[in-house]
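To keep things clear, I will list the structure first and then write my remarks on it.
Predicted, not measured: the structure shown is a model, and the values here were computed from it.
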Amino acid sequence: MNTLAELRRRFAAALQPLTDQDLQPLVDMVRPSQDARHGDYQANCAMPLGKRLGQPPRQLAQQIVDGLDVAAFCHPPQIAGPGFINLTLRDDWLEKQLNAALTDPRLGIDQAADRRTYVIDYSAPNVAKPMHVGHIRSTVIGDALTRTLRFLGHRVISDNHIGDWGTQFGMIIYGYKHFLNPQAYREAPVQELARLYRLVNQLVEYHQGRAGLRAAQKRVAQLTEQLEAQREAPPRADPKEEKRAAKALKKTEHQVAAARHDLETLTGKLKQVETDGTLGPLARENADIASAVLRETANLHAGDETNRALWQEFLPYCLEDIDRIYRRLKVQFDDTLGESYYQDRLASVVSELQAKKIASHSDGAICVFLEGYQTPMIVQKQDGAFLYATTDLATIQYRQQTWRPDVILYVVDHRQSLHFQQLFATARRWGYDNIDFAHVQFGTVLGDDRRPFKTRAGTTVGLEGLLDEAVQRALAVVSQNDDLKETPELSPEDRQRIAEIVGIAALKYADLSQNRESDYIFSYDKMLALNGNTATYMQYAYARVRNIFVKGDVDRDRLHESGAVITLAHPAERALGLALIRLSEALEASLEDYRPNQITTYLFEMSEKYSTFYQECPVLKAQTAAQRASRLLLCDLTGRTLKLGLSLLGIEVVEKM
RNA sequence: GCGCCCGUAGCUCAAUCGGAUAGAGCAGCGGACUUCUAAUCCGCAGGUUGCAGGUUCGAUUCCUGCCGGGCGUGCCA
């Protein structure tokens with residue numbers, strides 16, 4: 001049962017006779033108290049309503065309380081301050097909820113009343129390119145939303161909209177035709193294809209870098225010159241002008257620094273290739289590689305038989321490669337329908353948009369012009385090629401035909417927000433206005449230096465290396481802790497298995513616990529910290545719960561069959577009990593704005609309550625048999641709540657750590 | 001230039017569509033292990049929520065201006 005939802009229903013009934021206005025906003029003002037001194041829940045609706053009705057808010061609060069039927073689960077409501085209504089749950093009612101949850105596999109959490117169909121579009125890497133740190137947020141957030149929605153009874157289709165039709169295949173095809181090591185390909189095709197991709201990409205970047213070197217040098221020179229001029233300019237008479245000039249100067253200084261930095265990394269990269277015994281000659285021999293790669297890509301799209309056959313051959317290997325990472329992350333998709341899947345729909349999408357006068361010719365391209373946007377959304381280029389906007393529209397069409405979703409969620413980073421605004425607006429004009437579209441956007445992963453997370457050498461960090469590093473560090477933590485015990489309990493195999501779970505969990509949790517909209521600073525140390533809002537802390541809490549049952553040789557089934565019940569006597573027991581009945585509130589809150597950090601915050605607070613309880617309330621050595629049984633049941637419910645809550649985030653627990 | 005987002009404790013972050021005395025964790029200081037895992041717990045200190053106005057019973061939240069930062073911006077995804 002969702003206590004908050006129930007309280008809101010009761011308030012709606014009490015408010016009904018007092019106003020004929022929309023009750024929803026008023027009812028939403030019933031919420032958990034932030035401060036325990038104001039009770040467990042509070043209603044703040046008397047102030048705004050009193051204002052609208054021209055009545056003193058405290059008097060109105062009294063009227064609401066008079067008509068409020070909550071005696072079964074609350075102490076008499078208290079009116080405080082300007083008109084807050086404070087509610088405190090009765091212990092006997094709390095106990096009833098907890099004892100009911102004990103016998104329910106869903107821990108007393110109801111399924112949603114309105115079950116809807118969701119398509120969730122997340123992860124979406126470009127296959128054939130190694131996955132990197134940028135893919136983790138989409139994958140982890142999308143997976144958590146999928147699991148949570150599903151648990152609440154919604155129909156969810158998770159769809160990995162992979163990039164399987166882009167230039168990266170042109171690169172591999174070119175590499176295959178020119179640089180293949182046949183034996184390596186036979187023995188380990190995935191690795192060989194990855195090598196070809198990296199090699200060709202490096203060569204393309206080299207030549208693009210060479211081509212851009214002049215411009216970069218020129219830019220530095222130009223900006224430096226501009227900077228000198230600005231510095232030597234005489235002071236302005238007008239203070240306003242002077243201020244503006246100072247600002248412009250500062251801006252130029254930044255630009256010079258950035259341009260120098262760019263130039264340095266560029267020359268560094270060029271030098272690296274030129275001095276390399278293998279790469280240097282290859283670079284010279286393949287001077288037109290960039291345009292050749294584009295030709296291979298265009299041929300693929302045009303239906304060239306050789307390239308199609310190669311694409312068909314490569315794709316399974318590429319999928320195998322990303323599947324290895326998904327298996328490790330324990331992420332699964334219902335469908336993996338990439339860009340290539342929609343190729344034969346694109347032309348008709350464009351002609352349909354034209355027929356409906358939604359799209360029109362402009363500068364040789366076909367564009368959708370939207371009110372309120374300076375730039376149009378281009379659906380077909382001058383050269384006839386389609387763009388990702390076209391594919392996204394075709395995808396919406398397919399999803400509507402196939403699943404008739406109520407909602408489509410796109411878990412994609414915030415830099416694409418303009419694209420999605422235009423996409424959704426176009427889709428609505430096209431007739432898909434019964435679908436609720438949402439861009440579930442998230443910020444960039446940054447390094448300590450607040451720049452996008454890179455290795456020391458300046459290359460992007462591969463996702464696999466990231467997982468390895470997290471697991472390796474988790475192994476050190478687990479081992480260190482086990483060594484500190486009087487008699488270490490874990491075999492090397494145990495430690496390795498636990499480290500895999502703890503390391504991956506830390507990585508996922510660090511991401512999920514952040515408000516998804518802000519950029520976040522990546523830190524192994526922080527995510528594997530043993531205190532604070534981390535997965536490790538909660539897994540530890542879970543392991544301590546389980547250990548009590550081991551140490552006390554308590555059989556859970558027999559405990560439940562014994563007829564024992566939870567009674568809340570100690571303040572720490574009550575605080576824990578209150579937290580335990582609120583998982584459903586946290587789940588609902590997290591789905592309101594698609595923010596998994598609502599769940600992590602809940603789990604952290606609940607774990608803290610457990611840690612306090614653990615400290616203050618002996619379980620196995622409780623005073624009486626009834627108290628011991630009650631506390632054991634509280635522990636059991638805590639463990640199950642942790643396990644369930646974490647599982648909805650895609651995070652596993654361990655029995656020992 | 002235009003558009004979107006952000007600015008909260010020394011650091012990393014919260015704050016449940018305007019609620020009561022802005023909360024955590026690190027880092028700092030002080031306590032608690034003959035007792036179920038001290039990977040823990042308890043306490044102290046730390047703030048003009050970028051700045052200046054405005055809206056009202058009440059503002060981190062809404063509006064205006066300014067300062068500082070990020071991202072995007074007609075043929076990449």
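- For A:Ile378 and B:C76, the CD1 to C1' distance is 11 Å, given to the nearest whole Å.
- Here A:His38 lies parallel enough and close enough to stack on the base of B:A20, with planes under 30° and ring centres under 5.5 Å apart.
- Here, B:C13 and B:C6 have their P atoms 15 Å apart, quoted to the whole Å.
- At a cut-off of 3.5 angstrom, the base of B:G74 holds at least one donor-acceptor pair with the side chain of A:Ser362.
- Taking only side-chain atoms of A:Asn515, from C-beta outward, the nucleotide of B:C76, B:G19, B:A15 with the closest atom is B:A15.
- Using a 4.0 Å cut-off between charged side-chain N and carboxylate O, A:Arg582 and A:Asp40 make no salt bridge.
- A gap of 26 Å separates the C1' atoms of B:G72 and B:U60, to the nearest Å.
- Note that CG of A:Asn2 is 9.0 Å distant from CG of A:Leu587, once rounded to the nearest 0.5 Å.
- The same atom, C1', is picked in B:A22 and in B:A14; the two are 10 Å apart, to the nearest Å.
- Across all strands shown, A:Glu585 has no heavy atoms under 4.0 Å from either base or sugar-phosphate atoms.
- A donor-acceptor pair under 3.5 Å is formed between the side chain of A:Asp164 and the backbone N or O of A:Glu339.
- Taken together, the paired segments of RNA chain B that extend over three or more consecutive Watson-Crick or G-U pairs, each closer than 3.5 Å at both contacts, are B:1-7 with B:67-73, B:10-13 with B:23-26, B:28-32 with B:40-44, B:50-54 with B:62-66.
- A:His207 contributes no side-chain N or O that, together with a main-chain N or O of A:Val204, makes up a donor-acceptor pair within less than 3.5 Å.
- A distance of about 10 Å separates the P atoms of B:G7 and B:C62, rounded to the whole Å.
- Rounded to a whole angstrom, the distance from the C1' atom of B:G47 to that of B:A24 is 15 Å.
- Here A:Ala543 lies in heavy-atom contact (under 4.0 Å) with a base.
- OP1 or OP2 of B:A14 sits under 4.0 Å from a side-chain N or O of A:Ser518.
- In terms of polar N and O atoms assigned as donor or acceptor, the side chain of A:Asn86 comes within less than 3.5 Å of the base of B:A20 in a complementary pairing.
- Distance alone, capped at 3.5 Å, places no donor-acceptor pair between the A:Arg31 side chain and the A:Ala43 backbone.
- For RNA chain B, the residues of residues 50-61 of chain A within the heavy-atom distance limit of 4.0 Å (strictly under) are A:Lys51, sorted by number.
- Distance alone, capped at 3.5 Å, is enough to place a donor-acceptor pair between the A:Asp519 side chain and the A:Thr444 backbone.
- Within the structure, every side-chain polar atom (N or O) of A:Asn533 is placed at least 4.0 Å from both OP1 and OP2 of B:U12.
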Table of protein N/O atoms under 3.5 Å from nucleotides 1-8 of chain B N/O atoms:
none

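- A:His161 pairs with exactly one of A:Tyr410, A:Tyr342, A:Tyr388 by the ring pair (Phe, Tyr, Trp, His ring centres under 6.0 Å) rule, that one being A:Tyr342.
- When distances are taken from the side chain of A:Met47 to each of B:G19, B:C13, B:U37, the shortest belongs to B:G19.
- Side-chain proximity of A:Gln615 to the nucleotides B:A38, B:C41, B:C17 is greatest for B:C41.
- The P atoms of B:C26 and B:U35 are separated by 24 Å, rounded to the nearest whole Å.
- The number of heavy atoms from other shown groups lying within 6.0 Å of CG (A:Asp35) is above 12.
- In this structure, A:Thr426 contributes its side chain and A:Gln422 its backbone to a donor-acceptor pair below 3.5 Å.
- Distance from the side chain of A:Lys381 is smallest for B:C76 among the nucleotides B:C76, B:U12, B:A15.
- For B:C71, the OP1/OP2 oxygens have no side-chain nitrogen or oxygen of A:Thr444 closer than 4.0 Å.
- One finds no salt bridge joining A:Arg516 and A:Asp593 here, because no Lys/Arg side-chain nitrogen approaches an Asp/Glu carboxylate oxygen to under 4.0 Å.
- Across B:U73, B:A24, B:G19, the shortest atom-to-atom separation from the side chain of A:Arg31 is found for B:G19.
- Counting any heavy atom pair closer than 4.0 Å across all strands shown, A:Cys367 reaches a base atom.
- In the set B:A38, B:G25, B:U21, B:U21 carries the atom at the smallest distance from any side-chain atom of A:Arg37.
- Out of B:U73, B:C57, B:A38, the shortest distance to the side chain of A:Tyr614 is found at B:A38.
- Here A:Glu616 lies out of heavy-atom contact (under 4.0 Å) with every strand.
- Using a 4.0 Å heavy-atom distance criterion, A:Asp593 is classed as making no nucleic acid contact.
- Residue A:Ala589 is classed as having no contact, given no heavy-atom separation below 4.0 Å to the nucleic acid.
- A:Glu573 has its side chain within reach of A:Leu634: a pair of non-hydrogen atoms, C-beta onward, lies under 4.5 Å apart.
- Between A:Met29 atom CE and B:A20 atom P there is a gap of 11 Å when expressed in whole angstrom units.
- When heavy atoms are screened at a 4.0 angstrom cut-off, A:Gln514 is found touching the sugar-phosphate backbone but no base atom.
- Residue contacts shown for A:Cys45 are absent, as no nucleic acid heavy atom lies under 4.0 Å away.
- The residue A:Met657 sits close to a base: some heavy atom pair falls under 4.0 Å.
- Atom NZ of A:Lys621 is separated from atom P of B:U34 by 12 Å (rounded to the nearest Å).
- Using a 4.0 Å heavy-atom distance criterion, A:Asp35 is classed as making no nucleic acid contact.
- For B:C44, the base is anti relative to its sugar; the glycosidic angle deviates from 0 by more than 90°.
- Nucleotide B:A77 holds its P atom 13 Å from the CG atom of A:Leu393, rounded to whole Å.
- As judged by a 4.0 angstrom heavy-atom cut-off over every strand, A:Pro25 is placed among residues making no nucleic acid contact.
- Classification of the A:Phe522-A:Tyr524 ring pair by plane angle, with boundaries at 30° and 60°, yields perpendicular.
- A:Leu387 places its CG atom 5 Å from the P atom of B:A77, with the value rounded to the nearest Å.
- Each of B:C75, B:A24, B:G19 was ranked by its minimum atom distance to the side chain of A:Phe84; first place goes to B:G19.
- Here A:Tyr537 reaches the OP1 or OP2 of B:C41: one of its side-chain N or O atoms lies under 4.0 Å away.
- Under the stacking definition used here (centres under 5.5 Å, planes under 30°), the residue A:Phe604 fails to qualify as stacked on the base of B:A24.
- Taking the side chain of A:Gln34 as heavy atoms from C-beta on, and the options B:C57, B:U16, B:G74, the nearest nucleotide is B:U16.
- Residue contacts for A:Ala385: at a heavy-atom cut-off of 4.0 Å it reaches no nucleic acid atom on any strand shown.
- When the side-chain nitrogen and oxygen atoms of A:Lys551 are compared with OP1 and OP2 of B:U37, one or more of them lie within a distance under 4.0 Å.
- Here, B:A15 and B:G50 have their P atoms 15 Å apart, quoted to the whole Å.
- Here the side chains of A:Pro32 and A:Gln42 are not in contact, with every heavy-atom distance at 4.5 Å or above.
- Distance check on atom P: B:G28 versus B:G69 gives 32 Å, rounded to whole Å.
- A:Glu608 and A:Tyr537 are not linked by any side-chain donor-acceptor pair at a separation below 3.5 angstrom, with hydrogens and angles left out of the test.
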